[in-house]
Amino acid sequence: MKKSSKLSFVLLLVLVLVFVTACSNSGGKTSSDGKIVLGFAQVGAESGWRSANTKSIQDSAAEAGFELKFSDAQQKQENQIKAIRSYIQQKVDVIAFSPVVESGWDTVLKEAKEAGIPVILTDRAVDSKDTSLYKTFIGSDFVLEGRKAGEWLLEQYKDSSEDINIVELQGTTGSAPANDRMAGFADVISANSKLKVIASQTGDFTRAKGKEVMQAFLKAHKEIDVLYAHNDDMALGAIQAIEAAGLVPGKDIIIISVDAVKDGMQAASEGKINFIVECNPLLGPQLMTAVKKVLAGEEIPARIVTEETTFTSEQAKQALPTRQY
Ligand code: AHR
């Protein structure tokens, strides 16, 4: 090979190398058809709420024309961390996730930040001190939800001269909704010393666990006046246990729950659940808007709170026919 051809060949090789490196470091769109790629690490499929949330995210991503990479962590933090790392490797445009638990996210969030991939939290919060690790947190105010449950109960028993025995079915241990719903409720009912939480245990937000733990509560405690369940699914499982014990849910034991998904609203309209605090799972549209804004370099609020209401049995009966989820 001539000296000049050798030089051109080396130059060409260098150019090719520079081009390949530039492309692989761009962190840009990895979809072959140029779509925005969103990696979403979901908690699992533990409840009716979660199924509605997943559907909302999948439908809204399709509507926005995004490519959605979706993973189900089966309620395990290690699975979610693995999914986030794989989204970093795949150089998606944005990562969104609903953290199973609040703690232990700093390392993986820093990895995403170093890779230049923006992160959006939906539904559940993390307890990281460094808020620059994510762009925004879209979701409910869980403390407020717990407070609403407590306020209703406070009102029901404001004239009671007897102790009111409450059992509590907590959500997944260490999760933001379990921590916050417990704290908000406890704070409000502390205004009346007659309201006593005699047992409180996790039912992991599932129907099966709700039933199992309620069976144990019923065995251990002769007098249970109130059940406070952190979600409808656990309340529905508990209702099965209460009925199997020969008691009438909603009468012998007053039931309060959170979510207001269709099955919960059905039970409320039949008088089996007395009061439901709504937690809206339809976060997809807000998430897609946030993704677009973040990629366009627009400022977005650090916290986007979902608007929610509450339902008595009567209100549930009226709302049920038009309930979306
Ligand atoms: O994080 C939201 C909670 O997670 C819902 O209230 C519960 O049903 C779900 O599993």
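Owing to the predicted nature of the structure, the values given are computational and were not obtained by experimental measurement. Both counts, for ligands and for their atoms, begin at 1 and track the order of listing. Numbers here are sequence positions counted from 1.
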P177 heavy atoms within 4.0 Å reach ligand 1 at atoms 1 (O)
Could you walk me through whether L218 and Q215 pass the side-chain contact (heavy atoms from CB on, under 4.5 Å) check?
-> CA-CA 5 Å; L218 287 163; Q215 275 165 347; 5.7 Å; no
Min side-chain heavy-atom separation W49-D233 under 4.5 Å | no
Within a distance under 4.0 Å of any heavy atom of F205, pick out the atoms of ligand 1 and give their elements.
-> 7 (C), 10 (O)
Where does R181 meet ligand 1, judged by heavy-atom distances below 4.0 Å: at the side chain, the backbone, both, or neither?
-> side chain
Report the C-alpha separation of I117 and Y87 in whole Å, then their side-chain angles, then the decisive distance to 0.1 Å, and conclude whether the side-chain contact (heavy atoms from CB on, under 4.5 Å) test is met.
-> CA-CA 9 Å; I117 302 176; Y87 295 150; over 6 Å; no
To the nearest 0.1 Å, how far is atom 3 (C) of ligand 1 from its closest protein heavy atom, and which atom is that?
-> R124 NH2, 3.8 Å
Going by distance only, is there an N or O of W49 that falls short of 3.5 Å from an N or O of ligand 1?
-> no
Would you find more than 12 non-hydrogen atoms of other residues, nucleotides or ligands less than 6.0 Å from E63 atom CD?
-> no
Atom NZ of K251 with >12 non-hydrogen neighbours under 6.0 angstrom = no
Ligand 1 atoms nearer than 4.0 angstrom to some heavy atom of D123 are 1 (O), 2 (C)
Tell me, yes or no, whether the heavy-atom count around Q324 atom CD, taken from other residues, nucleotides or ligands under 6.0 Å, exceeds 12.
-> no
Any idea which atoms of ligand 1 are less than 4.0 Å away from a heavy-atom of E46?
-> 4 (O), 9 (C), 10 (O)
Below 4.0 angstrom from a heavy atom of D259, which ligand 1 atoms are there? Numbered from 1 as shown, please.
-> 5 (C), 6 (O), 7 (C), 8 (O)
Within 45° cone of Y325 ring axis and under 6.0 Å: R323 NZ or CZ = yes
In ligand 1, the atoms that come under 4.0 Å of a heavy atom of S47 are 7 (C), 8 (O), 9 (C), 10 (O)
